[in-house]
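Heavy-atom basis, side chains included; hydrogens, waters and symmetry copies ignored. Chain letters run A, B, ... following the sequence lines, proteins first and then strands; every chain starts at 1.
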Amino acid sequence: MKISRSFIILAFVIPLVTIASMVIYFEFIEAKESVFKIIKEHLIMQKVSLFQKYVESMEKNYGDNLAELIIDNPNIAYELESDLALLQGDDVKYLYMLYRDEDGKYRYLLDATKDENERAFLNQKFDTESDIWQTAYKTKQYQVTQQNALETLWVTIAYPIVINQKVIAVLGADFTYDVYTQIVNILNPIETIFFYISFFMFIMLLLAYILVYLYYKTRKKALVDSLTHVYNRQYLSEFLETTSLQNYYLMMIDLDNFKLVNDNYGHDVGDDVLVAVVKEIKSNIRHEDILIRFGGEEFILLVDKKESKESIRVAERIRKAIMNLDIESRNNKINMTLSIGVNPFPYSAKNIEEAIKIADEQLYIAKSSGRNRVEIFDEAKKYESEASNRISDIRFAIDEGGIKCAFQPIFHAKTNEIRKYEMLLRMMNKEGKIIPPNNFLPSIRHTQVYISLTAIVLEKGVQTLQKRPDVHLSINLDIQDILNEDILELLRLTFKGNKELAKRVTIEILEHEEITNFEIISQSISKLKELGLLIALDDFGSGYANFRYMINLDIDILKIDGSIIKNVDKDKTAYNIIKAIVSFGKSMNMKIVAEHIETKEEYETVIALGVDYLQGYYLGRPEFEI
Amino acid sequence: MRALLFILICIRTVFANDVALESAIFNKVIIAVTTKEYPEVYIYKENKALEQFPGKLKIVNSCKEADIVIITTLKNLPEACKEKILFGTRYSHLRDNRVVGAFFWQKGRPNILFYKRRLERYNIKLDASFDKYIEK
């Protein structure tokens, strides 16, 4: 897994700096408290030492009747109070002597407090707020308390005056917060700096994690399909950055005739169907399996191999589940089927595109074989290396509007007027380069992408016909295409009920493989003709094409292969072949088109031979606009 | 009684300032002295704590209506007030025999003081928690 620099900063550096700054801050607080403690102890010891000397002098001069003596003799009281005042210093705010009366109440004997308003009277009751006075009496040891409850006082010392083993009074000293405040004033700016650094770092940390949270939340949104809530195509590439396909089966799932649902019930119902199907698929797979919406009604399922040793079981389970699923949407009850192409060895492919292509080819076979089927790739089959690159380019071109159609004019031989245009497919790849169809069509011929591409060409053709009512178009299809139910359905949906439009379209059929089942082809051609379309046989005279087509098939137009046209003015054999084709075509009531005319000589020769239509660079090159 | 003082000091921390604490102590003491849940109090001449936080004490405008008078000075005390129970806010107020007790701050500590004979004169009986504050 790649760890980015920003991730390291977010995950480690900011928390570490935050923790470090907080540790420094708390260490500082602790150090400050230690300083206070040391100062406090020092002040107390200093004062206790003075008290000790004071008490020693009392022991020498007075007996254990000190309290009575002070109460009865104001002069002694005054003298002792003056001596006591000498001990006070700046750090002690209140300095006084208390005694305990018979009722256990504490009363002032002396009070050296400077502030007259705070000074107590002789014998005035002293309300104790802590136990130190009592403890001092009891233990004969001095006591110290921190005055947490009293706002103006910091520390109080209760120092017992012991004469003849008897506590006769207690010296009380209240330290104010002045010393504390002085230290605090010195240390506060430093503490504040540490506090703000820690606080700032904490906020930074908080913000960083909020940003990370928001980032991943947004990212998750970007990776999840908003309708079905399964992953989208973007997720697949991200997933593959960190995970190998070694442990997965790759399945390509496509809903059969989904377009009909959209057309008949509307897109809202279509959406409901997709959601219901996804829900059903998810209930038939495990949490470890990954379902990805790859296109409209196309899904990729990565099945964890731990679930099942055989991918067919999973695929069949899903297929049957969907087949038996009653989908109810907006008062409609809909039953769907799906076809699945399985690639059980996706890791053997060079890349994900190739692995998907394998599954897509199996899906195509499943579709061609009647739908509602599962087809599994045979390991023995070899991977076609080039194809994978093409398929990703084509998908990119489809998504990014890189599928273009050029229009090459076809002229009437006698009038020299343009009679129609042949639509020629072009693809713009990622680098913006125009790719001719021969370079990419063969590798995708047996995939769903090919059908998507056909749909795009038909759509563009219809748009052109609607925009230009004077134009007639020729559209190229492979002989296999017209046997494919999906393409036939596409043509039916496009032209059914629109004969005016269909009359202006010629389907040029080209064969890549030898066709033996003429009966099925004948039926397909009849279906196309029923729609009002004209049928042309392309590249006649080359490859597998032979006269049997003309006999068995209801063809309207013959297009003589360009390789025969080339040098027809010099090549006698070619000349004779064209002559025979023209003669035969006319006898079969077909129109003849000579294509690939590149020179004036070729042009004049084919006109002399009596062809009906002419096409070639000599007359007009393909253009993207007509 | 130390417990009472402790509670009062604790209240101080809760009430966050001296004024609120002072008011709480006055409330406790005045309610005990008057034995009324909501005693009527006349303040002569001013007491910020009670004016700001009277608590259960009802501050009245004349001594006639008052159950007790809290004094901040004895100077020029109205005649009508002299008949009422007087409660001081300084130790020095206790020099006057008419003053039954006082609450004041000394050396940063709250002090409460009553004189037994003066309480008896007004037939005031405080509960045992006040014993520590009563001087004979």
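- Enclosure of atom CD in A:Glu79 is not indicated, since only 12 or fewer non-hydrogen atoms of other residues, nucleotides or ligands lie within 6.0 angstrom.
- Atom CZ of B:Arg90 sits in a sparse spot, with 12 or fewer heavy atoms from other residues, nucleotides or ligands closer than 6.0 Å.
- Within a 6.0 Å sphere centred on OH of B:Tyr122, heavy atoms belonging to other residues, nucleotides or ligands number more than 12.
- For A:Glu33, the CD atom sits in a packed shell: over 12 heavy atoms of surrounding residues, nucleotides or ligands are nearer than 6.0 Å.
- The 12-atom threshold is not exceeded at CZ of A:Phe202, counting heavy atoms of other residues, nucleotides or ligands nearer than 6.0 Å.
- Using a 4.5 Å cut-off between heavy atoms, A:Asn117 contacts chain B through its backbone alone, with no side-chain atom that close.
- Formation of a donor-acceptor pair under 3.5 Å by the A:Asp127 side chain with backbone atoms of B:Arg109 is not found in this model.
- Distance check: B:Tyr91 OH to A:Glu118 CD gives 14.5 Å after rounding to the nearest 0.5 Å.
- A distance of 10.5 Å separates CG of B:Asp131 from CG of A:Asp103, quoted to the nearest 0.5 Å.
- Atoms CD and OH, from B:Gln106 and A:Tyr96 in turn, are 10.0 Å apart once rounded to the nearest 0.5 Å.
- Note: B:Lys107 NZ to A:Thr113 OG1 = 3.5 Å, rounded to the nearest 0.5 Å.
- Within 6.0 Å of the CZ atom in A:Phe200, the count of heavy atoms belonging to other residues, nucleotides or ligands does not exceed 12.
- The contact between A:Lys125 and chain B is made by backbone and side chain atoms together, counting heavy-atom distances below 4.5 Å.
- A:Thr128 has its side chain within reach of B:Lys132: a pair of non-hydrogen atoms, C-beta onward, lies under 4.5 Å apart.
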